[in-house]
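Within every chain, numbering begins at 1; the chains are lettered A, B, ... in the order of the sequence lines, protein sequences first and strands thereafter.
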Amino acid sequence: MQIADIIRQLSIQALKAVFDIDATPESLTINETKPEFTGDYTLVLFPFVKQARKSPDALGASIGEWMQANAPEIISGFETVKGFLNLSVSNQYWVIFLQQQGGEHFGMAAPHGKKVMVEYSSPNTNKPLHLGHLRNNFLGWSVAEIYKANGYNVMKTCVVNDRGIHICKSMLAWQKFGNGATPATTQTKGDHLVGDYYVKFENELRSQSEPVLHELLEGRDVAGMDEAALQKAKLLVAKLSDGQLPDDKQSEIRDELKDMARNATPIMHEVRDMLRKWEQGDPETMALWKMMNGWVYDGFDVTYKRIGSNFDKIYYESETYLEGKQYVDEGLNRGVFFRKEDGSVWIDLSGEGLDEKLVLRKDGTSVYITQDIGLAKHKYADFPMEQSVYVIGDEQNYHMNVLKHICKKLDMPFADGIHHLSYGMVDLPTGRMKSREGTVVDADDLCDEMEKVAADKTAELGKVEGFTEAELKVLYHTLGMGALKFYLLRVDPKKRMVFNPEESIDFHGFTGPFVQYTYARIQSVLKKAGYTKETDKDLTEAGLLPLEREQIKLLEQFPGMVKQACTEMSPSVIAHYAFQVAKAFNSFYAEHSIAKAESEEKRTLRLEISYLTGVVIRNAMKLLGIAVPERM
RNA sequence: GGUCCGGUAGCUCAGCUGGAUAGAGCAACUGCCUUCUAAGCAGUAGGUCCUAGGUUCGAAUCCUAGCCGGAUCACCA
C-alpha cells in the first residue's frame, strides 16, 4: 500500500478512536505538505471541526498524538497549522521502503487476467502517415503499456482503412499518369508514392471542376449531371444572383455548387466506376488495388518500425465492412431499430440525448456506423475483453457515442467497456495542417529531422567520443524519438495542441532528452561507484536530509501514478511525473556527493536512491514508449 | 440553433473528486564546470486563473448566465 493510503487509513482510525467519527476514505483530503511547512503529508481538518466540536488546533493535536502513539514506525511527528495537520513520515519508513520495495519491476502490477483491447493508428492506404497519426500512435502504444503495467492482458489492434473511394483515387491517378512507376523504379517509399498519386488525382479534379463550375454558374447544362441535380444547381445559382443573401449563406451555396461541380467531372465518374468494379471483384481492379496497397504496407512497415509501433492483430476494412449488416436484422427483430417507408433502417437515440441515426441505407448497403458495430462484435469474438479502448480523434466524439449506445441497446457484453480515448488535433503555430496548402508535417520527414538534431546537438557538446558509429546511430534514434514522443505525450490527450517545430527539438527542460540525460547520468554514477544492491545494511540511523527524503517520497508515488494514468487514460500523467523525478534527482545530485558521501551509510543510501530513481525513470519512460540510453 | 470540448505568466502546458502565498518548461536577466556527465544546478522577473453572479469556513477547481475559440449534428468514412 502507498503511504498516502496508509495515512488515509490511520486518519480514519484516529477519528473513530478519538472522536467516534465515522469517516469514509473519500471524505478525507490528504495532500502533500507544502514545502514551506515541515511534514510530508497533510490532513485537512476543517471537514471534521464541527463534528468533533473542537478547535482545528485541538483536533489536529489529538489526531496527531493518536497516530504517533499507535503507528510510531510510520508517523514520527506532526504540526498543526491553521486547520492543517502536517504529518512527518518516519525515516525508518522511507528507508525500509527504499531497501525493500524497490526492484527492476517497481511500479508494475502483477497480472490479474482482465483483458483490454486497444485500437489505434487506423491509417488510410492512400496517404503516408503524418504528425496527427504520430500523436495517435504514441497515445495508443502508451495506453497499452499503461494497461499492461496495471496488470491487464492487452491486445493491440489496428484497423486499416483500405477500401473506398479515396483509395480508388490514388489507383485511378496511377493508371492515368503513372506510366508504370513503382517504388523500385522511382526510388520512392511506397506510401509516399501512392500518396503522390492521390495528390495528382486531386489536382486533376480541381482543374476539371473549374470549367464545370463556370458552366453551372452561367446556368448552362452540364454533361454527366442528372436532371434532379441540374435543377437543384439552377435553383442555387438563382438564389446567388439574387444578391439578397448574407455573406456566410452565399459562401455556403458556393461550396455546395463547388461540390456538385466536382462530382460532375469526368474523373469523378471514372473513379466511381472503379469503386463499383472493386466492389464487384473485377480481377484487374483487384490486382491493381492489391499491388498498390502492398506498396503502402511496405512503406508503413518502415515507419512503424522506426517509431517503435506494432500490433498484435490487424483488421482490414475490406474484409470486415460487410459484417455489420447481420446485426441490423437482429436489431430490427428486437425492436431496437425501425424501418422507414423508403426501406432505410434507423435507431432512435433521442432518449439518450442524441438524434435518430441511420444504420442501413434504403438500398440496403451499410454505413460507417454499421461497419463499426460489426467490427466491434468481430473483435469481441476474437478476444473477449472487458474493456475496449478506441484511440480516435475528437471529431468522432459523436460517432463513438452513438456506437456505444447502439452496442448497449443490442445488449452486447462489451458495450459498457467501450472507451473512446479522444484526442485533439495537432496544430502548427501558423494554424491547422492543411494538405491543400502543403502544411502537413510528414511522419518520416519529422523523424529524420529529429534524429538529425540529436546528432548535431551531440556533436556540438562533444559527446561522441567512445561511441562506435553503430552506437551513435542508435543513440540519435533514441534521443530523437524520445524528444518527439515526449513532446506529443506530455499534453493532456483530449486537448488540442500546438506543435512548434523549434520547441519540439529543444533538448532542455521539460523534454524527453532531459529525462534520458538524467538516466544516463545515474547509470554513470552507479557504474563508477561499483553499485550493488544492499538490502541488509541498516540505514535507518543515518538520517535523511531534505533532498534525500524528497527524492524517496517522489519515488514512492510511482505505483500510484501508474494507476492514475490508467484510470485517466492519460500518458501525460506519466510524462509529468517522470520529469519531476528527473528534475528532483538533478537537484539532489548537484547538492550532495553520492560516491564520495560523508559516511559509508550515506554513500549506500544515496546509491540506493540513485538506483531506484533510475528504475523509476526507465519504467516510466517505457510506459511512454521511450527508451533510455545507458550513456549520452 | 442543439450537443460536446477548451479559455491559467509573452509562448507551450500542469493544477480542476473544493484547501495554506496558483506551478513547471521555453524565452529574458544573474550566478555556478581542477570534485560522481553543465543535455545540468541555484536564483531574479513575469498572473484581472475569460467575464459577472451564486454556493461556503474556504473557489482556478462546484452551480448559473454570458463572451471567445474549436469540434460535431451526412443515405461520406
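Base orientation of rC50(B): anti, since the glycosidic angle falls outside 90° of 0.
In terms of phosphate contacts, H576(A) brings no side-chain nitrogen or oxygen within less than 4.0 Å of OP1 or OP2 of rA24(B). OP1 or OP2 of rA42(B) has at least one side-chain nitrogen or oxygen of S587(A) nearer than 4.0 Å. Checking the phosphate oxygens (OP1, OP2) of rC75(B), no side-chain nitrogen or oxygen of K340(A) falls inside 4.0 Å. Considering only side-chain N and O atoms, R163(A) lies nowhere under 4.0 angstrom from the phosphate OP1 or OP2 of rA77(B).
Without hydrogens or angle criteria, R361(A) side chain to S366(A) main chain gives a donor-acceptor distance under 3.5 Å. Between the side chain of H576(A) and the backbone N or O of R490(A), at least one donor-acceptor pair lies under 3.5 Å.
Using atom P as the reference point in both rC57(B) and rC16(B), the two lie 23 Å apart (nearest Å). Distance check on atom P: rA9(B) versus rC13(B) gives 12 Å, rounded to whole Å.
Here F84(A) lies parallel enough and close enough to stack on the base of rA20(B), with planes under 30° and ring centres under 5.5 Å apart.
A 3.5 Å limit on both hydrogen-bonding distances identifies rC63(B) as the Watson-Crick or G-U partner of rG53(B). The nucleotide rU37(B) finds no pairing partner, because no Watson-Crick or G-U wobble arrangement with both distances shorter than 3.5 Å includes it.
Following rounding to the nearest Å, K583(A) (NZ) and rA39(B) (P) show an atom-to-atom distance of 15 Å.
Using a 4.0 Å heavy-atom criterion, one finds that T511(A) contacts no nucleic acid atom at all.
Less than 4.0 Å separates RNA chain B from at least one heavy atom of each of the following residues of residues 42-53 of chain A: T42(A), V44(A), F46(A), P47(A).
No more than 12 heavy atoms of other residues, nucleotides or ligands shown are found within 6.0 angstrom of NZ on K232(A).
Applying the side-chain contact (heavy atoms from CB on, under 4.5 Å) criterion to D259(A), with sequence neighbours excluded, gives R262(A).
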